[in-house]
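For reference, the structure is listed below as structure tokens.
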Amino acid sequence: MSKNDQSVSKYFTSDPVLNRKRLDAQFYNIPCEELAISLLGKVLVRRLDDGIIVRGRIVETESYLGNEDAASQSFKGKVTPRNEPMFMKPGTAYVYMTYGMYHCFNISSKGDGAAVLLRSLEPLDNLDTMISLRKQFRKCSKTVMMNKDLCNGPAKLCISFGIDIKSCNKQDLTSWDGMWVEEDEKSKLIDTIVCSPRIGIKCEKTWQDKYLRYYVRDNPCVSKIEKTKMNELKYSQIENIK
DNA sequence: CACATGATGGTCT
DNA sequence: GACCATCATGTGT
């Protein structure tokens with residue numbers, strides 16, 4: 001761990017004796033905004049082709065509501081070959097290519113065309129594998145890569161976890177042995193969740209401004225901290241969800 | 001730290 | 001042919 005990562009050394013720790021439990025179909029079968037919040041603190045697990053297992057705690061999500069959401073690929077109920085997984089059973093992986101060279105990873109929720117985008121993870125297990133995958137992707141790697149930067153963005157986490165369309169799209173996270181989400185004893189220790197407008201979308205302003213992005217306050221692995229337009233969720237808003 | 005820009009190709013109109 | 005739910009790199013402060 002480099003000197004600059006000392007300040008965040010309380011993160012990046014995964015205890016192998018923690019009780020781990022894979023999340024089931026019932027967990028995913030809830031409205032999109034609730035799932036986006038419920039996923040915070042849970043652990044994404046990926047078994048790579050060579051059998052190596054990487055883990056990361058989910059610290060940032062966004063919800064895309066479907067039909068009425070102008071920023072959603074399934075706006076107005078539009079179905080295409082690409083966004084079909086958004087309409088599949090809750091807990092289905094939706095992976096798509098963006099900007100010609102990156103991938104984004106979503107999980108479908110309850111509701112037609114609704115899905116949660118995973119934006120950032122706190123790396124936990126096998127960081128060396130994540131570093132290796134990120135280095136392979138870069139053309140020339142001069143800059144030092146810090147642990148907090150391994151998965152702090154939707155495309156970065158896909159690279160670090162070996163997530164692409166061919167291997168992961170349309171997979172059922174409740175049963176597939178290549179990837180799943182689990183809960184451990186640290187999942188509920190999250191202090192504060194904040195929400196903000198979603199990142200990188202362009203659509204009609206009312207939907208662009210909606211607070212549909214959620215992240216763990218003060219976690220160094222979150223992709224972007226908004227200076228304005230940030231709200232703290234009241235405990236009463238999330239206690240029934242978590 | 002902030003901001004600007006090029007890379008790169010599938011998807012949809 | 002335009003549009004991207006982005007990242008890496010370069011320059012300037």
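Numbers restart at 1 for each chain; the letters A, B, ... are given by sequence-line order, proteins then strands.
With pairs defined as Watson-Crick or G-U wobble and both atom distances under 3.5 Å, the stems of at least three pairs that touch DNA chain B come out as B:1-7 with C:6-12, B:9-12 with C:1-4.
Between A/T98 and C/dC4 there is no side-chain polar atom (N or O) within less than 4.0 angstrom of OP1 or OP2. Contact annotation: A/R198 side-chain N/O to C/dA5 OP1/OP2 distance is not under 4.0 Å. Applying the 4.0 Å criterion to OP1 and OP2 of C/dA5, one finds that A/R213 has every side-chain N and O outside that range. Between A/R119 and C/dT6, a side-chain N or O to OP1/OP2 separation shorter than 4.0 Å is present.
Between A/I201 atom CD1 and C/dC4 atom P the separation is 11 Å, expressed in whole Å. Distance A/L117 CG to C/dA5 P: 10 Å, rounded to the nearest Å. Atom P of nucleotide C/dC7 and atom CE of A/M101 are separated by 11 Å, given to the nearest angstrom. Between A/F137 atom CZ and C/dT9 atom P there is a gap of 11 Å when expressed in whole angstrom units.
Near DNA chain C, meaning a heavy atom under 4.0 Å away, the residues from residues 66-75 of chain A are A/A71, A/Q73. Within residues 55-64 of chain A, the residues approaching DNA chain C are A/Y64, by heavy-atom distance under 4.0 Å.
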- Task: Could you walk me through whether A/K148 and A/N152 pass the side chain to side chain donor-acceptor pair (under 3.5 Å) test, one step at a time?
- Result: CA-CA 7 Å; A/K148 71 176 182 62; A/N152 63 341; over 6 Å; no

- For A/R198 and A/D69, run salt bridge (Lys or Arg N to Asp or Glu O under 4.0 Å): C-alpha distance rounded to whole Å, both residues' side-chain angles, the deciding distance at 0.1 Å, then the answer. CA-CA 12 Å; A/R198 292 171 288 186; A/D69 181 356; 2.7 Å; yes

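Stacking here means ring centres nearer than 5.5 Å and ring planes tilted less than 30 degrees, and by that measure A/Y102 does not stack onto C/dT6.
Other residues, nucleotides and ligands place more than 12 heavy atoms under 6.0 Å from the CG atom of A/D50. Other residues, nucleotides and ligands contribute more than 12 heavy atoms inside 6.0 Å of the CD atom of A/E204.
Under the side chain to side chain contact (heavy atoms under 4.5 Å, CB included) criterion, A/N106 pairs with A/Y94, A/Y96, A/C104, A/A115, A/L117, sequence neighbours left out. In this view, A/D184 and A/L18, A/R20, A/V43, A/R57, A/K186, A/S187 satisfy the side chain to side chain contact (heavy atoms under 4.5 Å, CB included) rule, not counting sequence neighbours.
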In residues 84-93 of chain A, what donor-acceptor pairs under 3.5 Å come from side-chain atoms, sequence neighbours left out?
{"unit_1": "A/E84", "atom_1": "OE1", "unit_2": "A/K170", "atom_2": "NZ", "d": "3.1"}
{"unit_1": "A/K89", "atom_1": "NZ", "unit_2": "A/D172", "atom_2": "OD2", "d": "3.0"}
{"unit_1": "A/T92", "atom_1": "OG1", "unit_2": "A/K89", "atom_2": "O", "d": "2.6"}

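Here A/K78 lies in heavy-atom contact (under 4.0 Å) with sugar-phosphate atoms only. Among the heavy atoms of the strands, none lies under 4.0 Å from A/K202.
Closest approach of A/R55 to A/M130, counting heavy atoms only: O-CE, 3.3 Å.
Between the side chain of A/Y96 and the base of C/dA5, a donor-acceptor pair under 3.5 Å is found.
A/V45 and A/V95 are assigned to two separate hydrophobic clusters, defined by single-linkage of ILVMFWY side chains at heavy-atom distances under 4.5 Å.
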